[in-house]
> 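Once you've had a glance at the structure underneath, I'll fire off some questions.
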There are 2 protein chains.
Amino acid sequence: MNIGQAAQFSGLPSKTIRYYESIDLVVPDRAGNGYRDYSEKDVHQLSFVQRARSLGFSIEECRLLLSLYRDDQRASADVKRLALNKIDEIERKILELQSLKTTLSKLAKHCQGNNKPDCPIIDDLAGSTITSN
Amino acid sequence: MNIGQAAQFSGLPSKTIRYYESIDLVVPDRAGNGYRDYSEKDVHQLSFVQRARSLGFSIEECRLLLSLYRDDQRASADVKRLALNKIDEIERKILELQSLKTTLSKLAKHCQGNNKPDCPIIDDLAGSTITSN
DNA sequence: GTATTTGTTCCAGTTACTAGAAGGTCAAGG
DNA sequence: CCTTGACCTTCTAGTAACTGGAACAAATAC
């Protein structure tokens, strides 16, 4: 099938699918007219990547996952390790964001938000310290 | 002072400071020998940006915050609005990450992680559905 | 007087696409 | 047969926010 169909089935924009080919992630055959010709297998792999990306895996991780996907003999431990690492990574990001949020909320709470120039947020950014919470 | 000193005081790498100049964020004077010459005010602004970046503000937001910082007549409401928007943004990211984590944890829990090829994580990525939690 | 550090510029690479231009192909309608 | 429009092709460049490295100049240390 053509790239447009592959795009519909996989849920990825054609542009992205072409990009994935350019980095050798999923490479289709070519039809006689030069058009990309996606097999069902190709489309499955595109969907696979789409899902993995939406779960936060990087392209390089997707490449690895794809090779495991293609390998009937893979050990599930290999895949599980990737998943667990990703979970750790996500947890770290969450903690970081929560700490950002706490700090910003504290600053915003102290800011009157009126039309006067006095602003604790700017003061904090400028290096002053906030005394109470 | 030279860029190295400015880097120490602001906590930013020299490379980054040069980059900030290249995008007209903080532009120092030049000394006779062509070296960048940072004033205290410049260094304060660099520190300001460093802190704002670490709080998750984008460069363009930093540019705006800097202009508010430089403007003695700004209204604190302007700054507060930025901060509140950023808090919302952070909250959305946290929710998204938590949902990713939940999904991945669920998948990992179902994966034995042994040397057998049977792997629910791959199955899910490939489009199969998981039935229980 | 040389060696080392610190500074300069400029170019390229990173991540994962996305936009747009210029042009080829194909199916349908008149 | 021709045109129209949808779809396809390639290529270049832009995004965000730096980071690394090369090649060379200036300042400092011994």
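Chain letters run A, B, ... following the sequence lines, proteins first and then strands; every chain starts at 1. Below, each value reflects all heavy atoms present in this structure, side chains not excepted, and no hydrogens, waters or symmetry copies. Remember, it's a predicted structure, so these values are computed and weren't measured experimentally.
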> How many whole angstroms separate atom CD1 of A/I23 from atom P of C/dA16?
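Checked: the CD1 to P distance equals 8 Å.
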> Tell me: CD1 of B/I3 to C1' of C/dT5, nearest whole Å?
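In whole Å, C/dT5 C1' and B/I3 CD1 are 15 Å from each other.
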> Would a hydrophobic clustering, with Ile, Leu, Val, Met, Phe, Trp and Tyr connected at side-chain separations under 4.5 Å, put A/L46 with A/Y35?
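No, A/L46 does not connect to A/Y35 through the hydrophobic network.
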> Taking it one step at a time, do B/K86 and A/L100 satisfy side chain to side chain contact (heavy atoms under 4.5 Å, CB included)?
CA-CA 10 Å; B/K86 186 54 62 178; A/L100 285 188; over 6 Å; no
> C/dA19, OP1 or OP2 - any side-chain N/O from A/R18 closer than 4.0 Å?
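Indeed not, no polar side-chain atom of A/R18 lies that close.
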> Kindly say if A/N33 contacts the phosphate of C/dG24, meaning a side-chain N or O under 4.0 Å from OP1 or OP2.
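Checking C/dG24 against A/N33, no side-chain N or O comes under 4.0 Å of OP1 or OP2.
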> Quick one: label A/S14 by what it contacts on the DNA or RNA (base, sugar-phosphate, nothing), any heavy atom closer than 4.0 Å.
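No contact at all - A/S14 keeps every heavy atom at 4.0 Å or more from the nucleic acid.
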> Could you tell me whether A/E21 and A/R18 make a salt bridge, using a distance below 4.0 angstrom between a side-chain N and a carboxylate O?
no
> Go through D/dC7, D/dA17, C/dG7 for me and flag the one nearest to the B/N2 side chain.
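Shortest atom-to-atom distance from the side chain points to C/dG7.
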> Over how many whole Å does the gap from B/L25 atom CG to D/dC18 atom C1' extend?
13 Å
> Separation of A/E21 atom CD from D/dT10 atom P, in whole Å?
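Rounded to whole Å, this separation is 7 Å.
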> What is the distance, rounded to the nearest whole Å, between atom CZ of A/F57 and atom C1' of C/dT15?
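These atoms are roughly 17 Å apart.
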> Out of C/dA16, D/dT10, D/dT19, which has the shortest distance to the side chain of A/Y19?
C/dA16
> Between A/R36 and D/dT9, is there a contact of a side-chain N or O with OP1 or OP2 at under 4.0 Å?
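Result: yes.
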> Would you kindly give the OH-to-P distance between B/Y38 and C/dT6, to the nearest whole Å?
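Nearest whole value for this atom pair: 16 Å.
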> Report yes if at least one side-chain N or O of A/R30 is closer than 4.0 Å to OP1 or OP2 of D/dT10; otherwise report no.
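A/R30 to D/dT10 OP1/OP2: side-chain N or O found under 4.0 Å.
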> B/R53 has a side chain; which of C/dG24, C/dT8, D/dC18 sits nearest to it?
D/dC18
> Find the distance B/D37:CG to D/dA26:P and express it as a whole number of Å.
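Going from B/D37 (CG) to D/dA26 (P), I get 17 Å.
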> For the side chain of B/I59, counting heavy atoms from C-beta on, which of C/dA16, C/dG20, D/dA17 is nearest?
D/dA17
> Side chain of A/T16 only, heavy atoms from C-beta on: which candidate in C/dC17, C/dA19, D/dA25 is closest?
C/dC17
> Give the nucleotide from the list D/dC7, C/dG7, D/dG20 with an atom nearest to the side chain of B/K15.
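Selected nucleotide (nearest to the side chain): D/dG20.
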> Check every atom of C/dT25, C/dG7, D/dT10 against the side chain of A/Y35 and return the nucleotide holding the closest atom.
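Among C/dT25, C/dG7, D/dT10, the one nearest the side chain of A/Y35 is C/dT25.
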> Within this structure, what is the CD-to-P distance between A/E60 and C/dT14, rounded to whole angstrom?
10 Å
> Below 4.0 angstrom, N of the basic side chain to O of the carboxylate: do A/E96 and A/K93 qualify?
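Looking at A/E96 and A/K93, the cut-off is not met.
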> For A/Q112, does the CD atom have more than 12 heavy-atom neighbours from other residues, nucleotides or ligands under 6.0 Å away?
no
